[in-house]
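Letters A, B, ... mirror the listed sequences (proteins, then strands); counts begin at 1.
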2 protein chains.
Amino acid sequence: MAGIDEVARATGVSTATVSRALRGLPNVSDKTRARVRRAADELGYVASSSASGLASGRTLAMGVVVPSVSRWFYTSVLEGVDAELRSASYDMILFNLGGHRGDRERVFHRTILRKRTDALLAMCLDFTADERHQLASTGHPTIVVGGPVRGLRSVGIDERGTARRATEHLIALGHRDIAHLGGEDEEGLNRQVPIGRMHGFQDALRDAGIPVRREWIIPGGFSLPLSRAAMNTLLDRPGPRPTAVFAGSDEMAMGAILAAYDHGLRVPDDLSVIGIDNHDFAESFGLTTMAQDPFEQGAVAARILLDELNGGEPRARSLKMPVTLIERASTAPPRRD
Amino acid sequence: MAGIDEVARATGVSTATVSRALRGLPNVSDKTRARVRRAADELGYVASSSASGLASGRTLAMGVVVPSVSRWFYTSVLEGVDAELRSASYDMILFNLGGHRGDRERVFHRTILRKRTDALLAMCLDFTADERHQLASTGHPTIVVGGPVRGLRSVGIDERGTARRATEHLIALGHRDIAHLGGEDEEGLNRQVPIGRMHGFQDALRDAGIPVRREWIIPGGFSLPLSRAAMNTLLDRPGPRPTAVFAGSDEMAMGAILAAYDHGLRVPDDLSVIGIDNHDFAESFGLTTMAQDPFEQGAVAARILLDELNGGEPRARSLKMPVTLIERASTAPPRRD
DNA sequence: TTGAAAGCGTTACCAC
DNA sequence: GTGGTAACGCTTTCAA
């Protein structure tokens, strides 16, 4: 409740000095600073963010745009971003698109673009040319996590290469009949991610001289239930079954494992399954996976933004973060029939 | 970039009128309003939140405090809150405690309490007397979701009654050897939730004349991996095994199911499992559960806050939301030996 | 229905 | 090292 002038009065200095003292600026004697700090604490004074934002032009808040808050990847990134923001005393304004296509307009055209945030971090969104133009016009530092976006730098992984390595792992084990549970993400999300993963899958098959069967590339919507259903449908079909599945995410891989159980198949004996992510549940499922670290991706991206806000040199380059194969119990050589 | 005076100049009216027109206040002619709107759109004008916040005393932002962002319940509530805020054009400032005990101080004493938000919604936190005092001193409307807190109204479910009903379901099926996977949540979170659920479990046993075995009440930390490990440990013990498990959350229930598989037990033939939540994965796991709706809880809580911000009457009463039993394939009568 | 002008609570610049 | 004082860009009250 107390304003800056009450602190000034209590301390016997000017509001200018109070402001400098509290923000740790130079040109304040240690003695004065201590007195001011004490008075501020006693009065419970906290600077109004509106007032300081108006006067300084900095809000000390970062906007974070997420497509949804209920997917492992997004929440992991969010935790990483949050950790960085916290240590910089920045607040996070969360813009959740939550499947509401129409709200992108609001977010872009209004709230985000101006005034409430100093920078913007977006997850897995595919921006239109117009949106990118608007972003640029704000002059705020901007970055994307999880999937390259034309015209914007990003932090992510090598989608195609990772998918390729996952598939190669299956091929190295001796599999030739391999299905792919793919993303087919919703509109407005970054389609480069599922597409890149599918291309990597195909790359590996082609290099190994294995023909790609289109009917074994099925959509799992990045979701466990959908993947389980899709996989069940595939296993229901007459004719030969795959001996292995490369799922574009661990959640989809878990769906595949459950579908295998639904059909009385054992993993990995009857069906090998590999995913991407190293989801919190991956170990419990015994899932072999290409592990990425979204927490770190978020932290790195946030740090880049914060550095620039503190006068650091802007770095235009996108970052590819490392991915490592973790072998667990869901992959093995195919059974000899 | 454009300021309000540029819009005023372009329209030939005063800034006061522009402000009124754009905010939909009365006492502006339709013609003027239309002209102002058009000019604002053309110039890409958006009011600065800092400036309007300073002038009006309202930030049009709500603070949301979460213990973490990577648990199903929290993210579901978050989505519900978000949906409500969005339709009211409110922004969300997310304060993630993320296990950082020390940050509570920062959150409470500084950032949240004043100036940046108009209201505060907290999830599953147990507030100290001092924290509650500080909250009250802001004069901001406050509410808690997920677990009753002394001195604060909340939106949640009847923890004890729900647990009791879950346990009674097992008893009605004929089970008498029932274990409980409990919460034992971290410090600072609301312990009333896991404690209430354990009490409900014991209530049901006592009413049925079944003695409570303390060694069958084991901690699952609200997490799948921890629950799986705990359940495996229990199943490893010599002596009689439970024929059913009441898990305090679906995630823990899934851990129990996986542990059953680890031991070559079939669900529900050898072990019945019931949870609480109706987690996104519950159906895929065929999990019988006491379904709650955290999305709705979040939405309801947010709506209460927003109503009060719009001059509505404050309602002090806490709300208990409905819970329904969903029977799936994880529960059945115990096998006759 | 509209306009003029006084704040709102800081920060930043310039003197001292 | 410190203080005075314009901004900052709106909203709100009071007059017209």
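Proximity of a side-chain donor or acceptor of A/E6 to a complementary backbone N or O of A/A40 within less than 3.5 Å is not detected. Judged by distance alone, the side chain of A/T17 and the main-chain N or O of A/V13 form no donor-acceptor pair under 3.5 Å. Counting only distance, with no hydrogens or angles, the side chain of A/S318 and the backbone of A/S154 share a donor-acceptor pair below 3.5 Å.
Within 6.0 Å of the CG atom in A/N310, the count of heavy atoms belonging to other residues, nucleotides or ligands exceeds 12.
For B/R58, there are no salt bridge (Lys or Arg N to Asp or Glu O under 4.0 Å) partners at least two apart in sequence or on another chain. Under the rule for a side-chain contact (heavy atoms from CB on, under 4.5 Å), B/A34 has no partner lying at least two apart in sequence or in another chain. Listed by chain and residue number, B/F295, B/E296 satisfy the side-chain contact (heavy atoms from CB on, under 4.5 Å) test with B/D293 (two or more places apart in sequence, or in another chain). Shown here are the side-chain contact (heavy atoms from CB on, under 4.5 Å) partners of B/I93, two or more places apart in sequence or in another chain: A/D91, A/I93, B/A61, B/F95, B/R116, B/T117. Listed by chain and number, the residues in a salt bridge (Lys or Arg N to Asp or Glu O under 4.0 Å) with A/E79 amount to none (sequence neighbours excluded). In this view, A/L305 and A/M62, A/A119, A/L121, A/P141, A/I143, A/R153 satisfy the side-chain contact (heavy atoms from CB on, under 4.5 Å) rule, not counting sequence neighbours. Shown here are the salt bridge (Lys or Arg N to Asp or Glu O under 4.0 Å) partners of B/R33, two or more places apart in sequence or in another chain: there are none. Residues satisfying the salt bridge (Lys or Arg N to Asp or Glu O under 4.0 Å) criterion with A/R37, sequence neighbours excluded, are absent altogether.
Taking 4.0 Å as the cutoff to heavy atoms of chain B, we find the contact window on DNA chain C bounded by C/dT1 to C/dT10.
When the local axes at the two ends of the helix from C/dT1-D/dA16 to C/dC16-D/dG1 are compared, using 5 base pairs at each end, they differ in direction by 30° after rounding to 10°.
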Contact state string [nucleotides 7-16 of chain D, B base, S sugar-phosphate only, - no protein heavy atom under 4.0 Å] = -BBBSBB---

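For the contact set between residues 27-36 of chain B and DNA chain D, defined by any heavy atom under 4.0 Å, there are no members.
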